[in-house]
Amino acid sequence: MDALLVADGRFGDSGAIGERNVARFVLGLRLMAQKETRHQEVLRRLSLLSPEELLPLLGDPVLRNAFEDDMVKLENGRSDALGLADLAARLPLDQDGLGPCERMATPHVRPWPEHGPAWLWTEMSPADGVSGELSARLRRLYDGSIEGGPAADPVIPTPDMCRRLSRGADLLTRLLPQVGPSVLRHVSVVGFTRGESVDGPLQSLSGGDPLPSAILMAPERLTNPWTAAETLLHEGVHLKLFDALRSGALLRNADPHVADLSVPIPWRQTPWRLVRVLVALHFYVHMLVFQEAARHADDTLRAEFGDPPAGEVVDEVSPGTEAARNGTYGTSWERARYLSGYVLALPEDRLTADGRRFLHWLLDALHLVHEDSGITPPAGVAGVVPVRPPAVTGKALVRRTARAMARPLPERGELLVVNTDTAAMHWLNARSWLIYSLCDGRDAAAVAVEYGRRSGSGGEAAHDHVAACISELTAAGLLE
């Protein structure tokens, strides 16, 4: 189970997810440098940094938030007031491997240096080359990340809290030696708080866009190493999926005002958007594997960390719900089974190819946990929908548009292409990459012939692949 959850190249492999995000950062910075009139040179220099130099900067919660906000602005046709450019212009690019906010943390603590660059939110003191505006922005992101009203001040961790957090990470990585390091790799900062949420006192949360790559948790989560390990898994899994979904959508033609608000959740008062259903299913599958591993923990782990909790600890059902009335949906298994059943019942075209692959991957893990689960993966090959592509006129000339920038990931067999007019990013697999490269002004029939020769596909199959790909790339504005 542990191996399966890191095996998928799109959603499980942290190395692959990280490489795709570096590619996004580089092309995003190059695109901003085209659009930004004040700080083009700073953005261009950032885009030329190595991954080892770039990741501490764009892994920083404030700079990552600014980057993602700026990409949304560009996608909406705005290039004014790009926040990342203003911030980057005030920062030295040589950070000695530390992010700008990390440089302010006093003392500087990295709780699991062997598994990733996460740092602890301690006292945030002025640092050389770090403006007061950065500190103020970090606090605004912190305050805005907790629902239900103003946040409490961050709790400054004591040395004992730091030790307990590291101990929880040690237990997680020894219990799940592949999943544990994989999720911790996506954490940039861990902070402590006694804030409030809409459901009561905050236990833990992971930052998405509001506080990227960050985990906030109540200090009480450190009381037991098993609880600390579970919390790190829970929130780290969310951060990992947040990064993974930056390179591919799970839903097709999602309308957030209609279908995505209508999923009934028996243990909650308010329906969920469909994307939240998928995110929750992803978490519950990982939690089931954690619980299975805890049940089989060896004597060495039990002697060092104590026995795991006898019963499952899961957030309580909301009062007044079906689950509260019936005493149901109080376990991760019941919830995972409900959520997966709902997704399986969706129309076939509701999920993208990545969405279907995502579902198959999680169902495979569920089957390992409960062989007699009664959940049956759909037939066929994951990620493939038999759709007859539109015809391509053999004499039609096809050429790559000049309104594009590309970033190859040759070891992954992928090419990232951004439409500079729309700022939309498109991931091409090896097949699409080959077809795209052949669209150099030759006619579509010639593209199909050459594609067939290089790929080993012949006749109608080559025509179908080329026709579908040219249609999609033309609609994306990458071909003309």
Side-chain angles (χ1 to χ4, degrees), residues 18 21-22 24-26 28-29 32-33 36 38-39 42-43 45-47 49 51-74 80-106 108-110 116-146 150-156 185-193 195 205-217 235 238-239 242-243 246:
N21 271 298
V22 168
R24 281 186 68 244
F25 294 154
V26 170
L29 290 166
M32 291 176 199
E36 166 69 43
R38 296 165 300 158
H39 305 300
V42 171
L43 292 167
R45 287 174 61 199
L46 280 175
S47 74
L49 294 176
E52 293 74 23
E53 297 168 314
L54 183 60
L55 284 175
L57 291 167
L58 288 187
D60 178 274
V62 173
L63 269 63
R64 176 74 181 270
N65 173 266
F67 175 87
E68 301 297 352
D69 278 356
D70 287 350
M71 291 303 300
V72 172
K73 289 178 184 177
L74 293 175
D80 59 307
L82 296 181
L84 179 62
D86 284 336
L87 284 170
R90 306 178 202 176
L91 296 172
L93 297 187
D94 181 10
Q95 297 287 329
D96 299 325
L98 303 182
C101 288
E102 183 180 6
R103 290 173 67 86
M104 296 188 292
T106 307
H108 176 254
V109 179
R110 286 193 168 180
W119 53 277
L120 287 191
W121 189 316
T122 53
E123 291 280 2
M124 304 304 284
S125 305
D128 292 339
V130 179
S131 70
E133 171 62 17
L134 194 76
S135 178
R137 286 193 183 209
L138 179 62
R139 181 55 195 249
R140 287 198 297 271
L141 295 182
Y142 170 91
D143 288 340
S145 65
I146 300 178
D153 288 335
V155 174
I156 306 305
R185 181 174 178 168
H186 294 269
V187 182
S188 288
V189 56
V190 179
F192 298 94
T193 182
L205 66 81
S206 51
D209 285 323
L211 188 63
S213 307
I215 292 175
L216 295 179
M217 68 170 73
E235 306 304 348
H238 287 329
L239 294 179
F242 175 83
D243 282 342
R246 291 302 182 182

**Request:** Mind running side chain to side chain contact (heavy atoms under 4.5 Å, CB included) on Asp153 and Arg139 for me, showing each step along the way?
**Result:** CA-CA 9 Å; Asp153 288 335; Arg139 181 55 195 249; 2.9 Å; yes
**Intermediate values then yes/no, side chain to side chain contact (heavy atoms under 4.5 Å, CB included), His39 and Leu46** = CA-CA 11 Å; His39 305 300; Leu46 280 175; over 6 Å; no
**Message:** Under the rule for ring-ring contact (aromatic ring centres under 6.0 Å, His included), what residues qualify as partners of His186, not counting sequence neighbours?
**Reply:** none
**Request:** Locate the shortest heavy-atom distance separating Val42 from Ala89; write the atom from each residue and the value.
**Result:** CG1-N, 4.0 Å
**Asked** Taking the side chain as C-beta and beyond, is there a heavy-atom pair between Ser213 and Arg64 under 4.5 Å?
**Response** yes
**Prompt:** Between atom CE of Met32 and atom CG of Leu84, what is the distance when rounded to the nearest 0.5 Å?
**Reply:** 5.5 Å
**Prompt:** Between OG1 of Thr193 and CG of Leu216, what distance do you get to the nearest 0.5 Å?
**Reply:** 6.5 Å
**Prompt:** Going by heavy atoms in the side chains, are Leu63 and Leu134 under 4.5 Å from each other?
**Reply:** yes
**Request:** Please name all residues satisfying side-chain hydrogen bond (donor to acceptor under 3.5 Å, both in side chains) with Glu36, sequence neighbours left out, ordered by chain then number.
**Result:** Arg38
**Message:** Using side-chain heavy atoms (C-beta onward) and a distance below 4.5 Å, is Leu57 in contact with Pro100?
**Reply:** yes
**Message:** Using a 3.5 Å distance criterion without hydrogens, assess whether the side chain of Asn21 forms a donor-acceptor pair with backbone atoms of Asp243.
**Reply:** yes
**Item:** Shortest non-hydrogen contact between Ser188 and Gly59, atoms and distance
**Value:** OG-O, 2.8 Å
**Asked** Would you say the side chain of Met104 lies within less than 4.5 Å of the side chain of Ser135, judging by non-hydrogen atoms?
**Response** yes
**Message:** Taking side-chain contact (heavy atoms from CB on, under 4.5 Å) as the definition, give me every residue that meets it alongside Ser206, ordered by chain and number, with sequence neighbours left out.
**Reply:** Glu235, His238, Leu239
**Message:** Testing the basics here: between Pro51 and Pro56, what is the closest heavy-atom pair and its distance to 0.1 Å?
**Reply:** O-CD, 4.3 Å
**Prompt:** Can a salt bridge be assigned to the pair Arg90 and Asp86 using a cut-off of 4.0 Å between side-chain N and carboxylate O?
**Reply:** no
**side chain to side chain contact (heavy atoms under 4.5 Å, CB included) between Leu29 and Leu54, worked out** = CA-CA 11 Å; Leu29 290 166; Leu54 183 60; 4.0 Å; yes
**Asked** Can you name the nearest heavy-atom pair linking Arg246 to Arg24, along with the distance?
**Response** O-CD, 3.3 Å
**Asked** Are side-chain heavy atoms of Asp209 and Val72 found at a separation under 4.5 Å?
**Response** no
**Prompt:** Quick check: does any side chain N or O of Asp60 sit under 3.5 Å from a backbone N or O of Cys101, one acting as donor and the other as acceptor?
**Reply:** yes
**Complete:** Applying side-chain contact (heavy atoms from CB on, under 4.5 Å) to Ala105 and not counting sequence neighbours gives Trp119, Thr122, Met124
**Message:** Could you work out, with salt bridge (charged side-chain N to carboxylate O under 4.0 Å, His left out) as the rule, every residue matching Arg185, not counting sequence neighbours?
**Reply:** none
**Complete:** Looking only at heavy atoms, the pair that brings Ala85 and Asp70 closest together is N-OD2, 4.4 Å
**Item:** Residues in ring-ring contact (aromatic ring centres under 6.0 Å, His included) contact with Phe67, at least two apart in sequence or another chain
**Value:** Phe25
**Request:** Over all heavy atoms of both residues, which pair between Asn65 and Pro210 is shortest? Give the atoms and the distance, please.
**Result:** ND2-O, 3.8 Å
**Request:** Please identify each residue that fulfils side-chain contact (heavy atoms from CB on, under 4.5 Å) with Arg140, with sequence neighbours left out.
**Result:** Glu133, Ala136, Arg137
**Request:** Could you tell me which residues satisfy ring-ring contact (aromatic ring centres under 6.0 Å, His included) with Trp121, sequence neighbours excluded, listed by chain and number?
**Result:** Tyr142
**Partners passing salt bridge (charged side-chain N to carboxylate O under 4.0 Å, His left out) against Asp69 (at least two apart in sequence or in another chain)** = none
